[in-house]
Number of protein chains: 2
Amino acid sequence: MAASRPPAHHRESHSHPDVAAQIVSVLERLREHGGRITSGRRAVVVALLRHDDHHVTADDIAAVVQADQPDIHLSTVYRTLEALEQVDVVSRVDLGQGRAVYHLVDHVHHHLVCDRCGSVTEVPASVVEPLTQALDDRFSFAASPTRLTISGLCSSCR
Amino acid sequence: MAASRPPAHHRESHSHPDVAAQIVSVLERLREHGGRITSGRRAVVVALLRHDDHHVTADDIAAVVQADQPDIHLSTVYRTLEALEQVDVVSRVDLGQGRAVYHLVDHVHHHLVCDRCGSVTEVPASVVEPLTQALDDRFSFAASPTRLTISGLCSSCR
DNA sequence: ATAATTGCAAAGTCTTTGCAGTTTG
DNA sequence: CAAACTGCAAAGACTTTGCAATTAT
């Protein structure tokens, strides 16, 4: 899949001072909701919180996780990601063509997906705000605040 | 070939006065681009132009086509739709979750897809215009003028 | 003639699911 | 211990593709 790597806008991604604490709190959250903590789940959470990119596929996570623990199955990654989504820690976004990415809910943004090269560019919510407001006013449609996908051509492909 | 001219009654959905003429022109367009006209392709075009809905899946088209010609295979529908897309007659829009719909390019609009019930609401391009303008200005991103998909909750599900 | 098209079946992608065996709390 | 989780394999949903046979021009 993802034939071309999106041009990772590399700037320090997560400005979270204490990732370790975050990991603990996320796991805690799972437990609060009746979930259990396993090495597989912990590995997924670690990979997710440490990942440089804001949008990762289940496959990306699996690759990281399996580097250390080859036995963690892809389906476990999917199931863990699903559990995290239900606990509102991560949000799943469909980028089209069957591709789905996950990102932390605390990072609110939208995505511009290039039809040609497949790159994904983040857009701060503020830029889209006027539109979501208009959609609410005129269609009573509550556009997802974190899961918007806009396709088109990126600056280098247009 | 001189197809039996269908009755000129306008029970149509699109504001096209003469569907029959449109069918001919679309087929003509295929031929101009080196394509050939077969009964399967004609059936797909007819189904597409006569369809009441603005967004149809390959499956929808296949169902209509196969009612008359059971031998037309789904893959032929996909291939024809693809050919029509390359000739700029139809546009394919990915609604997420692997679902894709096709619509005539002359019907410019965007889609609001409900996360809960899956309903699709059309939005005129004018509502989205300010956003596409902003994306162009700030990110040099050329948002597709006809293929935007916005997910969220529709009026009855929110 | 001859290049485009088609039906069919098989493959592909990404994701989900049924189960039986393992763990966690 | 009971419930939750896991690996595995198999299934799904949707779309694409290789081929040999067919057909439009």
Side-chain angles (χ1 to χ4, degrees), chain A residues 1-4 27-45 55-63 65-66 68-87 90 92-102 113 118 120 149, chain B residues 1-3 24 27-45 55-63 65-66 68-87 90 92-102 113 115 118 149:
Chain A
M1 46 153 291
S4 50
L27 292 175
E28 189 52 45
R29 182 123 180 194
L30 274 179
R31 184 152 41 200
E32 282 166 9
H33 287 252
R36 290 178 181 178
I37 299 176
T38 65
S39 63
R41 289 186 158 196
R42 183 165 14 239
V44 170
V45 171
H55 22 254
V56 275
T57 64
D59 232 48
D60 291 334
I61 295 293
V65 169
Q66 293 173 346
D68 264 327
Q69 301 178 240
D71 291 349
I72 305 301
H73 198 277
L74 216 206
S75 66
T76 293
V77 173
Y78 273 110
R79 286 192 272 225
T80 299
L81 253 11
E82 181 186 35
L84 291 174
E85 189 180 23
Q86 294 185 327
V87 170
V90 307
R92 173 189 180 150
V93 186
D94 196 323
L95 295 188
Q97 316 259 85
R99 299 182 296 170
V101 296
Y102 300 80
V113 182
V120 179
T149 298
Chain B
M1 33 178 283
V24 172
L27 292 174
E28 190 51 46
R29 181 121 181 195
L30 275 179
R31 183 153 41 202
E32 282 167 8
H33 287 252
R36 291 177 184 179
I37 299 176
T38 64
S39 63
R41 288 185 157 194
R42 182 165 17 238
V44 169
V45 170
H55 24 253
V56 275
T57 64
D59 232 48
D60 291 334
I61 294 293
V65 169
Q66 293 172 346
D68 264 327
Q69 300 177 243
D71 292 349
I72 304 300
H73 199 278
L74 217 206
S75 66
T76 294
V77 173
Y78 274 109
R79 286 191 271 224
T80 299
L81 252 11
E82 181 186 36
L84 292 175
E85 189 179 23
Q86 294 185 328
V87 170
V90 308
R92 171 188 181 153
V93 186
D94 196 322
L95 295 188
Q97 316 257 85
R99 298 182 294 169
V101 295
Y102 300 79
V113 181
D115 285 333
T149 298

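- Rounded to a whole Å, the CZ atom of B:Arg42 is 14 Å from the C1' atom of D:dT25.
- Across the protein-nucleic acid pair, B:Asp71 atom CG and D:dT23 atom P stand 11 Å apart, rounded to whole Å.
- Partners of A:Ala58 by side-chain contact (heavy atoms from CB on, under 4.5 Å), not counting sequence neighbours, listed by chain and number: A:Leu74, A:Val77, A:Tyr78, A:Leu81, A:Tyr102.
- For the side-chain contact (heavy atoms from CB on, under 4.5 Å) test, no residue two or more places apart in sequence or in another chain qualifies with A:Glu82.
- Atom P of nucleotide D:dA24 and atom CG of B:Leu27 are separated by 13 Å, given to the nearest angstrom.
- In this structure, B:Gln86 atom CD and C:dA4 atom C1' are separated by 13 Å, rounded to whole Å.
- The distance between atom CZ of B:Arg41 and atom C1' of C:dT6, rounded to the nearest whole Å, is 10 Å.
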Whether each nucleotide of nucleotides 15-25 of chain C has a protein heavy atom under 4.0 Å at its base (B), only at its sugar-phosphate (S) or at neither (-) is summarised, 5' to 3', as SBBB-----BS
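- Side-chain contact between A:Thr57 and A:Arg99 is absent, with no heavy atoms from C-beta onward closer than 4.5 Å.
- Look at CG on A:Leu30: it is 10 Å from P on D:dT6, rounded to the nearest Å.
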Assess whether salt bridge (Lys or Arg N to Asp or Glu O under 4.0 Å) is satisfied between A:Glu32 and A:Arg29, documenting all intermediate values.
CA-CA 5 Å; A:Glu32 282 166 9; A:Arg29 182 123 180 194; 5.3 Å; no
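- Listed for the A:Thr149 side chain is a donor-acceptor partner under 3.5 Å among the backbone atoms of A:Asp94.
- Between A:His33 atom NE2 and D:dA4 atom P the separation is 15 Å, expressed in whole Å.
- The closest side-chain heavy-atom distance from B:His55 to B:Val93 is not below 4.5 Å.
- When rounded to the nearest whole Å, the span between CD of B:Glu32 and P of C:dA4 equals 17 Å.
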